[in-house]
Amino acid sequence: MGTSRMFRIFIVLGSAFMILLIIIYWDDVGASHLYLHTPVSPGPKIPHPPPQQRPQTSRTPSFLSDIDAFVNQFLEPGTGEPTDPVPVDTSNQSEKAEERYIPRREWKIHLTPVAAELRERQEQRRRLLQEMCANDSMVFSGKNRSFDDIPNKELDHLIVDDRHGIIYCYVPKVACSNWKRIMIVLSESLQQDGVPQRDPLAIPRDLVHNSSMHFTFNKFWKRYGKFARHLMKVKLKKYTKFLFVRDPFVRLISAYRNKFELRNEDFYRRFAQVMLRRYANQPTPPTSVDEAFAVGIHPSFSHFIQYLLDPQTEKEMPFNEHWRQVYRLCHPCQIQYDFVGHLETAEEDAEHLLRQLRVDNVVEFPTSHRNLTASSWEADWFSTVPVKARRELYKLYEPDFRLFGYDKPDSILNE
Ligand SMILES: *[C@@H]1O[C@H](CO)[C@@H](O)[C@H](O)[C@H]1NC(C)=O
Ligand SMILES: *[C@@H]1O[C@H](CO)[C@@H](O)[C@H](O)[C@H]1NC(C)=O
Ligand SMILES: *[C@@H]1O[C@H](CO)[C@@H](O)[C@H](O)[C@H]1NC(C)=O
Ligand SMILES: *[C@@H]1O[C@H](CO)[C@@H](O)[C@H](O)[C@H]1NC(C)=O
Ligand SMILES: *[C@@H]1O[C@H](CO)[C@@H](O)[C@H](O)[C@H]1NC(C)=O
């Protein structure tokens, strides 16, 4: 056999091997370097400005532009946030700065490290989750299954932002509107005249909860077909995953106040009427929420708790997301969250998180001026609920208490 023949065989084998490698690692490479743009629907988007106005971010290798941004930090100390070298634009002077699309850089230099107690706090919360998931004394349905066994429709609370590599599991009644707003800003899924909306509070309320604004895991299947699960797992491995939780009983009070003490036609028809019929001796409750409010009829907090404890409820359909347990919404034993925020420490946690995600120069967490449901009202609210029902309710939400480090509310369980 001549050397040239050997050489040719060698080349062929080598090429085959390279192709194999590319096939195997394609998803990993794809996930980390290609921005799979998050916007899902056209929504209220208006066509992009002409291409020459857009800096060519995708063409420059990202490490080069990162170095650019890093150097700019030091060159322009006044602005706090580095700007790109704007492409020379000799055209219309009146279409100036603010109309132009300038992507922000995800860099902010901090002179002080994150406070040790905040880092320690996260460390503890993550450790607790791991311990509880491994502890056989805590049992709940779905705890032992693998990620692959979670049905797609149960992954609808995981919002993905490919632009920054973030996954957020939203829990209704735990500052979720504000975090959804932040996810919309980060993923730039709301654009006007090609300029992404940057102010979380300027996003209209009905859009915040419109699922077309968010790219959630359950939509992967539609877009990626049989690769969906594989891609999800790659993203779960690479991205920063976070969620916010709060005391489970206080969350229930908050849900009740928000959905049944305020006029809400949808919740009145779907849930309040059922409660009134079943537990309040109202075989024919008023047909609309306005009528019901006019005659002063609404289910009491105790009726609401009765509804949650009634085995019939789960048989009809899974708990509504506003009172569904966090362990069922976010699968904390299958997904290793990098950051666990508590509503009770929301402002500190939000600042820490945005900094950890390195987006603290892009968005700020909107401070809330609303009258939040306070833990101190717990005893008052539960005073109308029989002690036996309180204990059953604790059983129902015990995994949430234990997974996220909320003390068992002994004062209201032992009376
Ligand atoms: C959500 O937004 C889309 C597009 O903006 C719109 O067509 C749809 O009606 C909205 N859905 C709801 C429930 O508001
Ligand atoms: C610049 O833009 C303004 C308004 O957008 C327009 O009235 C004007 O004709 C434009 N000038 C040039 C030179 O394109
Ligand atoms: C499991 O949890 C129980 C109750 O919190 C605790 O007493 C026990 O030590 C834990 N077991 C392990 C192995 O951590
Ligand atoms: C999960 O597995 C543990 C042992 O690994 C077992 O004791 C427990 O009963 C299982 N729980 C469920 C809900 O299947
Ligand atoms: C907040 O709620 C409490 C209890 O419902 C009420 O007494 C208080 O007046 C409220 N404060 C504001 C500013 O709404």
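Every number for a ligand or one of its atoms is a count from 1 in the order of the listing. Being a predicted model, the structure only gives us computed values, none of them experimental.
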So, Glu364 side chain and Glu351 main chain: donor-acceptor pair closer than 3.5 Å or not?
-> no
Do me a favour and list the nearest non-hydrogen protein atom to atom 3 (C) of ligand 3 with residue, atom name and distance?
-> Asn135 ND2, 3.5 Å
Protein contact to atom 4 (C) of ligand 3 [nearest heavy atom, distance to 0.1 Å] = Arg402 NH2, 3.4 Å
Per-atom contacts, ligand 1 versus Ser212 - under 4.0 Å to a heavy atom = 1 (C), 2 (O), 3 (C)
Going by distance alone, is a donor N or O of one side chain under 3.5 Å from an acceptor N or O of the other, for [X] and [Y]?
| X | Y | answer |
| --- | --- | --- |
| Gln306 | Ser302 | no |
| Tyr279 | Asp310 | yes |
| Glu291 | Tyr268 | no |

Ser137 neighbourhood, listing ligand 3 atoms whose heavy-atom distance to it stays under 4.0 Å = 1 (C), 2 (O), 3 (C)
What do you reckon, does Asp206 have a nitrogen or oxygen under 3.5 Å from a nitrogen or oxygen of ligand 1?
-> no
What do you think, any protein heavy atom under 4.0 angstrom from atom 11 (N) of ligand 3?
-> yes
Check ion pair Arg125-Asp349 (N to O, under 4.0 angstrom) = yes
